[in-house]
Each structure stands twice: as structure tokens, then as C-alpha cells.
Amino acid sequence: MEENKPEEFKRELGLLDGTMLVVGSMIGSGIFIVSADIARQVGSAGWLLLIWLISGLITIIAAVSYGELSAMFPKAGGQYVYLKESYNKLIAFLYGWSFFAVIQTGTIAAVGVGFSKFAAYLIPPLSDENVLFVAGSFKLNAAQIVSIITIIFLTYLNSRGVKNSKILQTVLTVIKILSLFGLIVFGFILAAKADVWNANWADAWSTKAFNTETGSWLPISGTALITGISAAMVGSLFSSDAWVGVTFIAGEIKNPKRNVGLSLFLGTFIVTVIYMLANVMYLAVIPMQEIATAKSDRVAVVASQYTFGDMGTIIIAVMIMISTFACNNGLIMAGARVYYTMAKDGLFFKKAAELNDASVPAWALWAQCLWASLLCLTGKYGDLLDFVIIIVLIFYILTIYGIFILRHKMPDIERPYKAFGYPYLPFLYIIIASAVCVSLLFTKFSTCGWGVLIMLTGIPIYYLSKPKE
């Protein structure tokens, strides 16, 4: 009988598992709701599809660029490891600190709340309007309890070993892909109308913004258009995020030098195709005005009602519950591996560097669970997404620039896979993502500024907690 705890991860995940983790972590509730906000910001069919397409393409460029890094450093920790190798421990720590403080835990909280919002569709007492406890300005509602319970349950499941969570991830993601394709196909067959499609495409490229107070459209151009596009891209980029999770679990993937990069490409490609088809279906079924004014932004619910009648809302609610549940399982599984790797470097709580009997970093999983659950209680989910997206983009830019640095710094290291289209495509990503970051800081400074501030508070923490050399 073994007395020692395992020192190494078990390589139990194949290419299908890696791809399903990418797809499952990427598709949360975004595709069901984000198109409403994009429609309000830019107001035309052509621009709606273009914003989804640009987001999809730069996500695929980023993912295939990461393939080079994942093949060079096929171990747990992913992006954190790439930043440490490209720059130094401080930059890597700032990523890990932001990742624990906001990026991963904030996303887990937001996705958990997405789950509870749609659970309340089926069981009304679970809604956020059902306030259970009040103390001063703090209110605890049923939706927060539901989201915390799902996070605790998934953390428990993940702490029992990677096999259970792998099976759950693959099964739920396959259901999710099939049900989304079902919604798209039935939407086209049962609800698409030529007059709706033609009306939506009549002035496909004229940009206008929707004024929610007056309910009217205003033409926009110049600065207002750039502002509108960057605000619209927050949602589509967030919906296309979390693909990087598969790099964190590289230590548990069979043949990681091949399979991590391949699952990054396949996963991001599949999701981009699904997102584009879903939006084409929305435009064939729903007039632009209704996309922009969908109740609570639930565009997919409107499409589903046109397609399936009154059953439509229930169908979408169940789909989003499956979708967000699988999404959070992937996020929870991947996140803990980053804290594990940081702890190994002496940059996080020592206990996070231990694996339990099931060869998973259980302490790191529960620390993540506790903080994500506390974030569920803040109630500011829109703000959380703004906090998250700006930091995520900054670190994606740094990581992809790291490919250029490592080509000079480590020219002789084996690169089983090279970044596709290097140096042009990685450089294109850096330019587009930088432009989005700059315009976000101008247009959403109140929230994105906080995101950057949270990241920078990691600098004194790093120097205070750094082990004395």
C-alpha cells in the first residue's frame, strides 16, 4: 500500500477529451445572449456577423500560436509557464495572481450565475428576486445559493480524480454541440422567413446604435463607431474565451506535444463555426429590432419561441443549464492546475502544490471554490466580465509576443509544432487585441481600469511574499 501522496499527474486525457474541454469551456451562455448587445452597439446584420467572425478568427490565431508554446513546454500550468519562460517570475506571478483574483474565479462565478438564472426559468423560486436574507446593504438571494452549490458540487467531483470530470465534460459537451446544431437546423427549417432575412440585410453595413431610453436608432460613425465596435467585442471575445484551459492540464494529456496544440485548433474552429451559424440563424428568424430588444438579452429564447412555440423557452433554459454546467466543470478542472504550478515555484500557498490520492490538486481546487463562491455574492456580474476581459487580453498579447522572444532566447529548443503564419498572424493578433484593450480603457475605464488595478496590486504582493533568495 502506498503511503506517499502521488507526485505526478496521471496522463488520462486523449485528443477527444482535450478538444471537448476546449469546446466545453468556451461555450457558456454567451452565444445565447451576447448578440443582443452587439446589435444595439452596431445595429446591422453585416456588422453583427463581422464582429463574431473577427472574434472567432483572432481566437483561432491565438490558439494555433499557443500550439508552439504548448509543444515546447508540455507540462501543467500552461500560460503561466509560457510567461515565466518568456519573461520572468514577476510577469508569471502577475498572471497567476490575476487568474486567481479575477480571471478564472470571476468567470466561474459569472457562469454559475448564468446557470442559476436559467434554472429559475424552470423553477421560479430559484430566481435572484427571491431574497432569503438581508443584512444592511447585503442581500442574499436564491440564485446566488444555487450558483454556489453547483460550484461546490463540481469542485467535489473534480477532487475525486480527473476521470469522472473528464467523462462528465465529454458527455455534456457532446450534448451541448448537438443541441446547438439542433437549434440552428430547426431554426432554419421551421422559422426562417425570407422577408425577415431580406429586411435584416437591406442595409447590412449601415452602422447605428440603439438608444434604450427612446427606443430609436441613431446613425454612428467615426469615434462613436470605434467605441461601439470595441464595446460589442467584449461580449463576443468573452464568449470565445477559456480555450486556454487545455494548456493548464497538459500534465494530464497523453502525447501533449501533439494533442494540446491540435485540441486548441479543433476546439476553437468548431466553436467559431457554431457561433457563426447560430448568428446567421438569428438573422433569418428574428427582425433586427427584436434582436436588439430581446428581454434580458435572451436572443436564443426569442429564436426558440419562433421555432418551437411556447416550448422554446424551456428548451433553451435546459440547453443553457447543460452548457454552463459543462463550462464550469472545464474551468474548475483547469484553473486549479495553475495554482498548483505556482505553488511549486514558491509563488502560491504551499498546500496548493500537493496532489491528493486521486492525483489531483485538491487543496487548490477548494481554495478556488471558496473565492469563486464569495465572488458569487458580490452580484456585479457585468462588471466582473469587464474586469476579466481586459486582463485576459493583456496576458494573451504578452504570451503571444513571448513566441517572438523565445525564438531569439531559445533558438535551438525542439519545436515539434510551429506557430501557423509566423510572424504575420501572431503579430496581427497582437495589433487587434491591443487596439481593443486601448479602446476599452477609454470607453469602460470605470470597470476595465479596476481590472488593470487588481492586476497591478500583484506587484507589491509578489515582492512581499517572494522567498528570500
Side-chain angles (χ1 to χ4, degrees), residues 25 27-30 32-34 37 98-159 165 168 172 234-235 238-239 241-242 295-298 300-301 313-314 316-336 364-389 446-447 450-451 454:
S25 302
I27 304 175
S29 55
F32 300 95
I33 49 184
V34 164
D37 185 54
S98 309
F99 189 82
F100 182 76
V102 180
I103 297 175
Q104 200 74 349
T105 47
T107 307
I108 290 168
V111 172
V113 170
F115 175 87
S116 55
K117 262 188 187 162
F118 285 87
Y121 234 73
L122 305 180
I123 309 165
L126 299 180
S127 94
D128 54 5
E129 286 162 19
N130 181 7
V131 177
L132 306 171
F133 173 76
V134 180
S137 62
F138 174 74
K139 290 180 179 166
L140 179 66
N141 62 52
Q144 289 168 323
I145 300 280
V146 172
S147 43
I148 291 170
I149 289 170
T150 61
I151 292 168
I152 292 172
F153 170 74
L154 286 169
T155 301
Y156 170 74
L157 186 76
N158 273 282
S159 72
S165 40
L168 178 73
L172 288 181
V234 169
F238 191 81
S239 309
D241 192 36
K295 187 173 183 242
S296 302
D297 284 359
R298 293 191 271 246
V301 170
T313 23
I314 295 171
I316 291 291
V318 172
M319 274 174 68
I320 292 187
M321 285 171 70
I322 291 170
S323 185
T324 46
F325 202 69
C327 180
N328 250 355
N329 182 57
L331 292 168
I332 288 167
M333 184 200 299
L365 278 164
W366 287 111
Q368 171 180 263
C369 171
L370 180 66
W371 184 239
S373 300
L374 288 171
L375 289 179
C376 285
L377 301 176
T378 60
K380 298 269 184 281
Y381 307 102
D383 292 354
L384 272 174
L385 300 197
D386 282 349
F387 284 1
V388 170
I389 202 68
S446 56
T447 46
W450 277 108
I454 291 168

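When a residue number appears, it is its place in the shown sequence, counting from 1.
- At least one side-chain heavy atom of C376 sits under 4.5 Å from a side-chain heavy atom of I151.
- Heavy atoms only, all atoms of each residue included: S127 and N141 are closest at O-CB, 4.5 Å.
- Rounded to the nearest 0.5 Å, atoms CZ (F118) and CG (L126) are 14.0 Å apart.
- The shortest non-hydrogen separation linking S159 to W366 is CB-NE1, 4.0 Å.
- When every heavy atom of V134 is checked against every heavy atom of V131, the shortest pair comes out as CG2-CG1, 3.7 Å.
- Within the model, atoms CD1 of I152 and OG of S373 stand 5.0 Å from one another, a figure rounded to the nearest 0.5 Å.
- Within a 6.0 Å radius of CH2 in W371, no more than 12 heavy atoms belonging to other residues, nucleotides or ligands are found.
- Rounding to the nearest 0.5 Å places CD of Q104 at 12.0 Å from CG of L375.
- Residues L122 and A317 share a closest heavy-atom pair of CD2-CB, 4.0 Å.
- Qualifying salt bridge (Lys or Arg N to Asp or Glu O under 4.0 Å) partners for D128, counting only residues two or more places apart in sequence or in other chains: none.
- Taking Y121 as the reference, nothing meets the ring-ring contact (aromatic ring centres under 6.0 Å, His included) condition, with sequence neighbours excluded.
- To the nearest 0.5 Å, atoms CZ (F133) and CZ (F138) are separated by 7.0 Å.
- Between S25 and A242 the shortest heavy-atom distance is O-CB, 3.4 Å.
- Interatomic distance, CE of M333 versus CG of L168, reported as 8.5 Å (0.5 Å rounding).
- Nearest heavy atoms, A372 versus A109: O-CB, 3.7 Å.
- Between L377 and I148, the closest side-chain pair of non-hydrogen atoms falls below 4.5 Å.
- Rounded to the nearest 0.5 angstrom, L370 CG and T105 OG1 are separated by 10.5 Å.
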Got a list of side-chain donor-acceptor pairs under 3.5 Å for residues 318-332, not counting sequence neighbours?
{"from": "S323", "atom 1": "OG", "to": "I27", "atom 2": "O", "distance (Å)": "3.2"}
{"from": "S323", "atom 1": "OG", "to": "G28", "atom 2": "O", "distance (Å)": "2.7"}
{"from": "T324", "atom 1": "OG1", "to": "I320", "atom 2": "O", "distance (Å)": "2.7"}
{"from": "T324", "atom 1": "OG1", "to": "M321", "atom 2": "O", "distance (Å)": "3.3"}
{"from": "N328", "atom 1": "ND2", "to": "I108", "atom 2": "O", "distance (Å)": "3.1"}
{"from": "N329", "atom 1": "OD1", "to": "N158", "atom 2": "ND2", "distance (Å)": "3.0"}
{"from": "N329", "atom 1": "ND2", "to": "S165", "atom 2": "O", "distance (Å)": "3.1"}
{"from": "N329", "atom 1": "ND2", "to": "Q169", "atom 2": "OE1", "distance (Å)": "2.8"}

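- Judged by distance alone, with hydrogens and angles left aside, the side-chain atoms of T150 form no donor-acceptor pair with the main-chain N or O of G112 at under 3.5 Å.
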